[in-house]
Amino acid sequence: MIQETDSMDQILTKGPGISRKTLMWLAMAGVLVVAVGLLWPAVRRWARAEQSVDLSRLQIATVVRGDLERDVAAQGRVVAANHPKLYSPTQGIVSLAVRPGETVKAGQVLATLASPDLESSLKQERSRLESLESELSRTDLSTRQQNQGDERTLKLRRVRLDSTHRDLDRAEKLRADGLLNQVDYERAKDAVRVAEVELEQAEGGGKLSREARDFEVQDRRRQIDRQRLVVADLERRVGELSLRAPFDGMVATIDVQNRDAVALNASILSVVDLSQFEVEAQIPETYAEESTPGTPAVVSYGSKDYPAELTAVSPEVQAGQVQGRIKFKGGTPEGLRQSLRVAVRLVFEKRPNVLKVPRGPFLEGGGGRRVYVLADGLASLRPIKVGATSVSEVEIVEGLNEGEQVLLSEMDQFNGAKTVLVRK
């Protein structure tokens with residue numbers, strides 16, 4: 001039989017103070033109170049939040065004060081300021097002397113056209129000019145001969161008049177002496193009158209003849225002048241058969257093949273001036289009224305910004321955009337090439353010392369009238385009023401204070417909730 005252990009038990013008296021079990025319970029209660037204190041803000045946020053979202057999905061920015069440039073972004077394409085296209089001056093066979101991308105000098109022959117018809121016309125017109133010049137020489141010689149004959153006739157008429165005057169004088173003396181009858185005396189007087197009439201007619205007729213001959217010579221000279229203009233025009237056209245570079249530059253494109261037959265005014269090639277580049281920008285239609293010549297611009301190329309200026313704006317709207325021409329200020333950047341794509345900003349206004357935030361999807365989603373403000377992990381929807389906008393920033397007129405944090409993310413994901421819990 002097994003004996004019980006009651007004989008081995010000892011009665012212990014309870015000492016003063018808190019028992020170990022009680023201490024354990026108190027420690028657990030303290031830990032619970034601390035945990036509740038730490039978790040209470042989160043619990044309150046959970047209780048107030050209508051929706052929650054992970055922090056990694058959000059774009060957050062701080063409201064700051066500074067200067068804001070009201071601008072608009074546009075896509076630009078580098079073009080040469082001088083990029084003429086050369087056309088065929090007539091129909092013919094083209095012979096190319098250069099290739100695309102080849103550097104050329106001013107006056108260098110780029111292509112030539114063979115036009116037998118034009119060259120034949122030039123030879124014919126030159127021959128006609130020589131014929132007219134020969135006719136003028138003959139006419140001028142004949143005029144001098146006839147003028148000389150008229151002058152001789154006039155002199156003879158004067159000599160004859162003088163002779164008749166002398167005969168009349170003798171007749172008067174003989175008549176006074178009674179040695180000449182009246183008939184012979186009258187005949188002498190008639191001879192003087194006839195000689196005077198002949199001289200008068202010779203002088204008048206000779207003058208008219210000289211005027212007629214001078215007019216004929218002048219007409220011949222005018223014909224020659226007209227013919228020289230015809231020859232000069234043909235020489236110009238024949239000279240244009242050699243297409244020359246208008247300036248130092250580069251051959252951009254060639255639109256024909258060597259030895260092709262081309263028509264009048266057919267496009268042959270284009271040349272670009274590599275020393276002067278501009279930018280063609282496509283500006284949104286909504287900014288067309290503000291985009292005026294002289295508007296400051298910034299061209300971004302190769303991670304650098306270059307100052308520029310809007311010089312011209314097209315009056316025509318195409319596909320919701322207007323085309324503007326932008327010129328660099330302070331020199332053209334190095335390394336630019338024809339048709340190179342660049343980013344362009346047009347700066348319409350500069351506003352100093354304004355509240356601003358980076359531009360984000362919230363601007364379109366909230367219509368610029370509201371935004372979520374983040375504080376202690378809880379984003380609250382707040383009405384705001386925006387002012388000027390730029391490519392990267394938005395001016396805040398009302399509703400926000402400097403240093404506050406806002407959510408830039410798309411607002412549709414919050415489904416219109418007034419408060420959103422941001423989970424870390």
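Hydrogens, waters and symmetry mates are skipped; everything else that's a heavy atom, side chains included, is used. Throughout, numbering of the chain's residues begins at 1 and tracks the sequence.
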Would you indicate whether K85, at its atom NZ, is surrounded by more than 12 heavy atoms from other residues, nucleotides or ligands within a distance under 6.0 Å?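 Check passes, neighbour count above 12.
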
Near E200 CD, under 6.0 Å, is it more than 12 heavy atoms from other residues, nucleotides or ligands?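 Atom CD in E200 is not packed in, count stays at 12 or less.
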
Would you check if there is a donor-acceptor pair between the side chains of [Y] and [X] at a distance under 3.5 Å?
X: Q318; Y: Q323; value: no
X: D219; Y: Q223; value: yes
X: S380; Y: T419; value: no
X: S300; Y: R345; value: no

Closest heavy-atom pair and its distance - R220, T139: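 It is NE-OG1, 3.7 Å.
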
Check L355 against R65 and note the closest heavy-atom contact, atom names and distance.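 That would be CG-NH2, 3.4 Å.
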
I want to check a possible cation-pi pair here: R369 against F362, using under 6.0 Å from ring centre and within 45° of the ring axis as the test.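 No, R369 does not lie over the aromatic ring of F362.
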
Donor-acceptor contact present, side-chain R359 to main-chain S390, <3.5 Å: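 Checking the backbone N and O of S390 against the side chain of R359, a donor-acceptor pair under 3.5 Å is found.
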
Donor-acceptor contact present, side-chain D273 to main-chain G249, <3.5 Å: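 No: the side chain of D273 does not pair with the backbone of G249.
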
Min side-chain heavy-atom separation V271-L110 under 4.5 Å: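 Yes, close enough: below the 4.5 Å cut-off.
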
